Amino acid sequence: MEEEKRIAPRILFDSPVRYHEKGTQRYSNAVGKDISNNGIGFISNEFIPKHSKLVFEIHPPWLPEPIQALAEVAWISNQPYSERFNVGARFLAPL
């Protein structure tokens, strides 16, 4: 059994997410999986190297305006039988 490494409880977050690598303006779209005060899990169509710095635009349904945050990719794994990736990113700072 794999050890749980999360330090904050996550809630389901099945919502669209936009992000771009810090220093660029080319946005990519993804689907959120879960979110907490410390990070976000999402599904990406592209491989993102671990430790990449990403700027997120997140639209939580419980907030009237989107929020932006800087995050670092903590882990990435292939989805079985798919060309998509499960990604976990740790929030570094709000923008």
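Since this is a predicted model, take the numbers as computed values, not measurements.
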CG of Leu70 to CG of Leu92, rounded to nearest 0.5 Å, is 4.5 Å

inquiry  = Less than 4.5 Å apart, side chain to side chain, heavy atoms only: is that true for Ser15 and Phe42?
reply    = no

Co-membership, hydrophobic cluster, residues Ile35 and Ile43, 4.5 Å side-chain: no

NZ (Lys53) and OG1 (Thr24) are apart, to the nearest 0.5 Å, by 14.0 Å

Taken to the nearest 0.5 Å, the spacing of Gln68 CD from Ile58 CD1 works out to 9.5 Å

Decide if atom CG of Leu12 counts as having more than 12 heavy atoms of other residues, nucleotides or ligands within a radius under 6.0 Å.
-> no

Start with the C-alpha distance between Phe91 and Ile40, add both sets of side-chain angles, then the distance that settles side chain to side chain contact (heavy atoms under 4.5 Å, CB included), and finish with yes or no.
CA-CA 8 Å; Phe91 291 136; Ile40 186 168; 3.9 Å; yes

> Is there a path from Val87 to Phe47 through hydrophobic residues (I, L, V, M, F, W, Y) whose side chains come within less than 4.5 Å of each other?
Replying inline: yes

Closest heavy-atom pair, Arg10 versus Gly41, reported as atoms and distance to 0.1 Å, is NH1-N, 3.1 Å

Rounded to the nearest 0.5 Å, the OG atom of Ser36 sits from the CZ atom of Arg90 at a distance of 11.5 Å

dist Phe85:CZ -> Glu46:CD (nearest 0.5 Å) comes out at 9.0 Å

Notebook entry, point to check: Counting heavy atoms not belonging to Glu83, are there more than 12 under 6.0 Å from its CD?
Noted result: no

So, Asn86 side chain and Ser77 main chain: donor-acceptor pair closer than 3.5 Å or not? no

OH (Tyr19) and CZ (Arg26) are apart, to the nearest 0.5 Å, by 7.5 Å

Between Tyr27 and Glu57, the two heavy atoms sitting closest are OH-OE1, 4.2 Å

| message | Apply side chain to side chain contact (heavy atoms under 4.5 Å, CB included) to residues Val17 and Phe56 and explain how you reach the verdict. | response | CA-CA 7 Å; Val17 174; Phe56 282 91; 3.4 Å; yes

